[in-house]
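Since the structure comes first, as structure tokens, the remarks are kept for the end.
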Amino acid sequence: MKALRINGPEQIAVDEAAAEPRIEHGGDAIVEVSRTAICGADLFPYHGLTPGFEAGTIPGHEWVGVVREVGPDVLGVAVGQRVVNTSMISDGTCEHCRAGRPMQCESRALFGYSGVYERLEGGQAQLVRAPLADRSLWPIPDGVDDDDAVFVADMLPTGLSAVRRAGVGIGDTVVILGCGTVGLMATMVAVPIARRVIAVDGIEARRDAAAALGAEPVTPEEAAEAVAAATGGLGADAVIEAAGAKPALDAAFSLVRGRGTICVVGAHFEPDYPLEAGRMFEAELTLRFAMGDPLNDRETLLGMIADERLRPSQLISHRLPLERGPEAYDLFDRREATKVVLTNGVS
Ligand SMILES: [Zn+2]
């Protein structure tokens, strides 16, 4: 089968003769991938910035496809069903899982992030093995197409998680720092609740995408003035830092109001960050971090897509066949693409 492999920093290649995955455990399923998206998180191993990443891993933790084979213990999905994955696998048995926190599972692993977690090949391939398929896969309702469903693997639950953990309330003024896919997903979820959503990004195409979702787009240089004008100088009720960068986190602290909440949803790998504890105390600030929780939120989100309350596929800027994956990574890395989906010629 064909698969992409990250062989080293900026070395991504199409393996035309990758071994097809097989059922290894009774709970496994094999899925023929129809759509797989490139995530901002894929750019960390792509640039060699993910500690311990195993060269040769097939990336991809956002995919949809059709179940081709199931192990004897799989009850929740059947051969022939269209399914979407959860970005992370979880065992369902550890204390975190039992308490409903699968993203903190003691044996969690992200598809296509080998070395950080146990080796687990991702879905940027024609076929992928899904361990613990009763948890890691979910059937896609008939009214939801693959282009929308692929966002339920990771991006859309992450946007929802950011909005929830930022404590966004009805009528709030919300700042979203970074209008990559996660920032835009958070925008999509926050706009119907908030009074105002101010979306901040240095790239015009991303600001345009945020504006199309109903946010007020501003450049990083304009953000302070826009927030002050919107809040009578008070600051934003909630700030979502979706850039995963220190300057964005600095900006979050400068834009939030007293007793406001900052939720960091952009991926951070830097070992430390200087917290201004005195200012946080004086202003009674809350700082939270969030990952998406596709396992707990996928049914709700697929339902909202089916009911046409959400249409994440509007953010797809490029569709390329799997074999043009290296070019797709390059486009995405140069920020010329908002969201790239790789297609596999099925469905
Ligand atoms: Zn667990």
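Indexing begins at 1, ligand by ligand and atom by atom, following the structure's order. Because the structure is a prediction, the values reported are computed rather than measured.
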Legend entry - the Zn ion (ligand 1) to nearest N/O/S of C97 less than 2.8 Å: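 Checking the Zn ion (ligand 1) against C97, an N, O or S atom does fall under 2.8 Å.
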
Inset, instruction - Confirm or rule out an N/O/S atom of D91, from backbone or side chain, lying less than 2.8 Å from the Zn ion (ligand 1). - result: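 D91 does place an N, O or S atom closer than 2.8 Å to the Zn ion (ligand 1).
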
Legend entry - salt_bridge(R324, E327) N-O dist < 4.0 Å: yes

Legend entry - Y46 and Y329 aromatic ring geometry - parallel, tilted or perpendicular at 30°/60° bounds: tilted

Legend entry - With the Zn ion (ligand 1) as the apex, the SG/SG angle for C105 and C94 - to 10°: 120°

Legend entry - Side-chain donor-acceptor pair present, D73, H25, cut-off under 3.5 Å: no

Inset, instruction - Could you grab the distance from atom CD of Q124 to atom CD of E62, nearest 0.5 Å is fine? - result: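 These two atoms lie 8.5 Å from each other.
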
